[in-house]
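Beneath this line is the structure, given in structure tokens, with notes to follow.
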Amino acid sequence: MSTQELVVGGWTKYHALTPEDQKVFDEAMYGFVGVKYTPQEVSTQLVNGTNYRYRCAASMPPSQVVWEAIVEIYKPIEGKPHIVSIHKI
């Protein structure tokens with residue numbers, strides 16, 4: 001765990017996804033249909049578990065229109081991560 005992740009309550013700066021960040025995103029988005037979200041970078045907040053803010057490119061295939069969105073995911077200490085909110089930016 002990096003020093004950056006040890007700041008309880010504070011959000012890290014947006015950074016490239018680690019394999020663990022990608023795994024959390026994939027688990028939370030499993031079965032999600034409709035808009036396709038592709039994470040570009042992530043910010044995390046250590047609480048009782050971890051909050052994630054994924055800055056994503058969003059699209060609705062087959063349309064070529066792409067917009068940015070923030071996908072917020074919460075991963076409890078035990079249990080599966082889940083989507084908290086998604087908003088267009």
Side-chain angles (χ1 to χ4, degrees):
M1 191 175 280
S2 74
T3 310
Q4 193 177 37
E5 293 176 60
L6 294 174
V7 181
V8 176
W11 287 93
T12 64
K13 291 181 180 177
Y14 277 98
H15 56 276
L17 274 66
T18 65
E20 177 64 21
D21 296 332
Q22 185 67 54
K23 181 177 178 240
V24 168
F25 184 85
D26 293 343
E27 280 185 46
M29 298 300 284
Y30 181 78
F32 188 86
V33 295
V35 178
K36 178 179 184 336
Y37 293 97
T38 306
Q40 309 293 308
E41 51 186 5
V42 66
S43 174
T44 59
Q45 179 188 41
L46 194 57
V47 288
N48 186 13
T50 306
N51 288 318
Y52 292 82
R53 284 186 184 153
Y54 292 89
R55 188 176 291 160
C56 298
S59 61
M60 201 154 188
S63 172
Q64 298 301 312
V65 178
V66 176
W67 64 93
E68 278 194 298
I70 298 291
V71 176
E72 294 194 16
I73 292 173
Y74 173 68
K75 182 180 186 300
I77 292 171
E78 293 191 26
K80 292 187 175 234
H82 59 272
I83 300 167
V84 174
S85 69
I86 298 175
H87 54 272
K88 188 175 180 177
I89 53 174

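These numbers were taken from a predicted model, which means no experiment stands behind them.
In terms of heavy atoms, A58 sits closest to V35 at CB-CG1, 3.9 Å. Pairing each heavy atom of E27 with each of P81, the nearest pair is OE1-CD, 3.3 Å. Nearest heavy atoms, H15 versus K13: ND1-O, 2.9 Å. For the residue pair I77 and G49, the shortest heavy atom distance occurs at CG1-N, 3.6 Å.
With contacts defined as side-chain heavy-atom distances shorter than 4.5 Å, the pair V66/Q64 does not qualify. Looking at D21 and Y54, their side chains come closer than 4.5 Å, going by heavy atoms from C-beta outward. Residues N51 and W11 meet the side-chain proximity criterion, which asks for heavy atoms closer than 4.5 Å. Residues V71 and M29 form a side-chain contact, since some pair of their non-hydrogen atoms from C-beta on lies under 4.5 Å apart. Taking 4.5 Å as the limit, some side-chain heavy atom of P61 sits within range of a side-chain heavy atom of K36.
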Subject >> Derivation and outcome, side chain to side chain contact (heavy atoms under 4.5 Å, CB included), residues V24 and Q22 >> reply: CA-CA 5 Å; V24 168; Q22 185 67 54; over 6 Å; no

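Note that OG1 of T50 is 12.0 Å distant from CD1 of I73, once rounded to the nearest 0.5 Å. One finds the OH atom of Y37 at 11.0 Å from the CD1 atom of I70 (value rounded to the nearest 0.5 Å). Between F25 atom CZ and L17 atom CG the span is 8.5 Å, to the nearest 0.5 Å. Here S59 contributes atom OG and W67 contributes atom CH2; the two are 6.5 Å apart, rounded to the nearest 0.5 Å. In this structure, OG1 on T44 lies 11.0 Å from CD on E20, to the nearest 0.5 angstrom. Remark: Q40 CD to C56 SG distance equals 7.0 Å, nearest 0.5 Å.
Remark: the backbone N or O of S43 is not paired with any side-chain donor or acceptor of T12 at under 3.5 angstrom.
No single ILVMFWY cluster, assembled from side-chain heavy atoms under 4.5 Å apart, contains both V84 and V42. With hydrophobic clusters built from ILVMFWY side chains whose heavy atoms lie under 4.5 angstrom apart, I89 shares a cluster with Y14.
Pairs passing the salt bridge (charged side-chain N to carboxylate O under 4.0 Å, His left out) check and including a residue from residues 53-74, sequence neighbours excluded, read E41-R55, R53-E72. The list of salt bridge (charged side-chain N to carboxylate O under 4.0 Å, His left out) pairs with a residue in residues 78-89, not counting sequence neighbours, is empty.
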